[in-house]
Amino acid sequence: NAGVTQTPKFQVLKTGQSMTLQCAQDMNHEYMSWYRQDPGMGLRLIHYSVGAGITDQGEVPNGYNVSRSTTEDFPLRLLSAAPSQTSVYFCASSRGTSDHRELFFGEGSRLTVL
Amino acid sequence: GQSLEQPSEVTAVEGAIVQINCTYQTSGFYGLSWYQQHDGGAPTFLSYNALDGLEETGRFSSFLSRSDSYGYLLLQELQMKDSASYFCAFQAGTALIFGKGTTLSVSS
């Protein structure tokens with residue numbers, strides 16, 4: 001099993017551009033989520049999904065969209081990139097829809113917005 | 001509101017024991033998780049406490065006191081490879097919320 005796979009690993013955008021960060025998992029996990037990590041800020045939840053067709057907002061959802069058309073995939077869309085969105089983005093999944101004690105993380109996508 | 005507090009940095013020497021504390025505030029609490037992250041890589045799960053008491057996994061142990069809204073991660077027989085960031089986290093509804101992390105530096 002590959003686990004949680006994120007693409008791209010690195011990306012540079014200009015302000016105002018849009019892009020999609022891809023996340024796929026092959027563990028048949030119902031729960032998937034996106035975090036951003038900034039120095040000194042820990043991991044902050046952007047959006048999450050408890051199953052196909054169901055998404056919800058986390059702590060810092062503004063400027064991001066998500067969709068969950070399949071169990072395996074959970075893409076994160078930046079609609080109009082801003083320098084404040086320069087960050088490392090992690091996708092994570094877990095087995096249960098109600099118990100998320102253990103998350104499995106991807107290797108991260110490092111985004112720079114100029 | 002919901003929050004977790006942990007020290008930003010801890011230093012120790014090889015072979016020593018270190019304790020990383022975590023206090024939390026939340027209206028609904030299921031349990032406390034701990035994660036390790038090396039050099040900005042993927043965080044990995046270490047342990048989970050749902051009930052009061054100590055959970056031991058090799059050199060690592062985690063403790064929880066629900067009445068005090070407090071937990072800690074105990075690392076014994078420290079090794080250089082334990083230098084990393086450590087995060088506590090709790091489940092809020094259907095989401096896992098993380099603290100800001102503690103950077104552990106182990107020196108020889």
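In what follows, every chain begins at residue 1, and chains take the letters A, B, ... in the order their sequences are listed.
Residues of residues 82-91 of chain A having a heavy atom under 4.5 Å from any heavy atom of chain B, listed by number: A:Phe90. Using non-hydrogen atoms only and a strict 4.5 Å limit, the part of residues 104-114 of chain A facing chain B consists of A:Phe105, A:Gly106, A:Glu107, A:Arg110.
Within 6.0 Å of CD on B:Glu77 lie no more than 12 heavy atoms contributed by other residues, nucleotides or ligands. Atom CG of B:Asp68 has more than 12 heavy atoms from other residues, nucleotides or ligands within 6.0 Å.
Residues meeting the ring pair (Phe, Tyr, Trp, His ring centres under 6.0 Å) test with B:Phe98, sequence neighbours left out: A:Tyr35, B:Tyr35.
Transitive grouping of hydrophobic side chains (ILVMFWY, heavy atoms separated by less than 4.5 Å) brings B:Ile20 and B:Val106 into a common cluster. Under a hydrophobic-cluster definition in which Ile, Leu, Val, Met, Phe, Trp and Tyr are linked whenever side-chain heavy atoms come within less than 4.5 Å, directly or via other members, B:Phe87 and B:Phe90 are assigned to the same cluster. There is no path of hydrophobic side-chain contacts, each under 4.5 Å, that joins B:Leu46 to B:Phe63. Following chains of ILVMFWY side-chain contacts shorter than 4.5 Å, one cannot reach B:Tyr48 starting from B:Tyr72, and the two form parts of different hydrophobic clusters. Following chains of ILVMFWY side-chain contacts shorter than 4.5 Å, one cannot reach A:Trp34 starting from A:Phe10, and the two form parts of different hydrophobic clusters.
Here the NZ atom belonging to B:Lys100 is positioned 11.0 Å from the CG atom belonging to A:Asp38, to the nearest 0.5 angstrom.
Contacts between A:Gln37 and chain B at a heavy-atom distance below 4.5 Å involve the side chain alone, from C-beta outward. Using a 4.5 Å cut-off between heavy atoms, B:Gln37 contacts chain A through its side chain alone, with no backbone atom that close.
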Pairs of donor and acceptor atoms involving the side chains of residues 49-60 of chain A, under 3.5 Å and at least two apart or interchain, shall be tabulated with distances.
residue: A:Ser49; atom: OG; partner: A:Gly51; partner atom: N; Å: 3.3
residue: A:Ser49; atom: OG; partner: A:Gly51; partner atom: O; Å: 2.9
residue: A:Ser49; atom: OG; partner: A:Ile54; partner atom: O; Å: 2.5
residue: A:Ser49; atom: OG; partner: A:Arg68; partner atom: NH1; Å: 2.7
residue: A:Asp56; atom: OD2; partner: A:Tyr48; partner atom: OH; Å: 3.4
residue: A:Glu59; atom: OE1; partner: A:Leu45; partner atom: N; Å: 2.8

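Residue with the most contacts toward chain A among B:Gly31, B:Ala50, B:Gly99, B:Gly40: B:Gly40 (heavy-atom pairs, distance under 4.5 Å). Comparing B:Thr44, B:Ile97, B:Thr103 by how many heavy-atom pairs each has under 4.5 Å with chain A, the most go to B:Ile97.
A heavy-atom distance below 4.5 Å is found between the side chains of A:Leu43 and B:Pro43.
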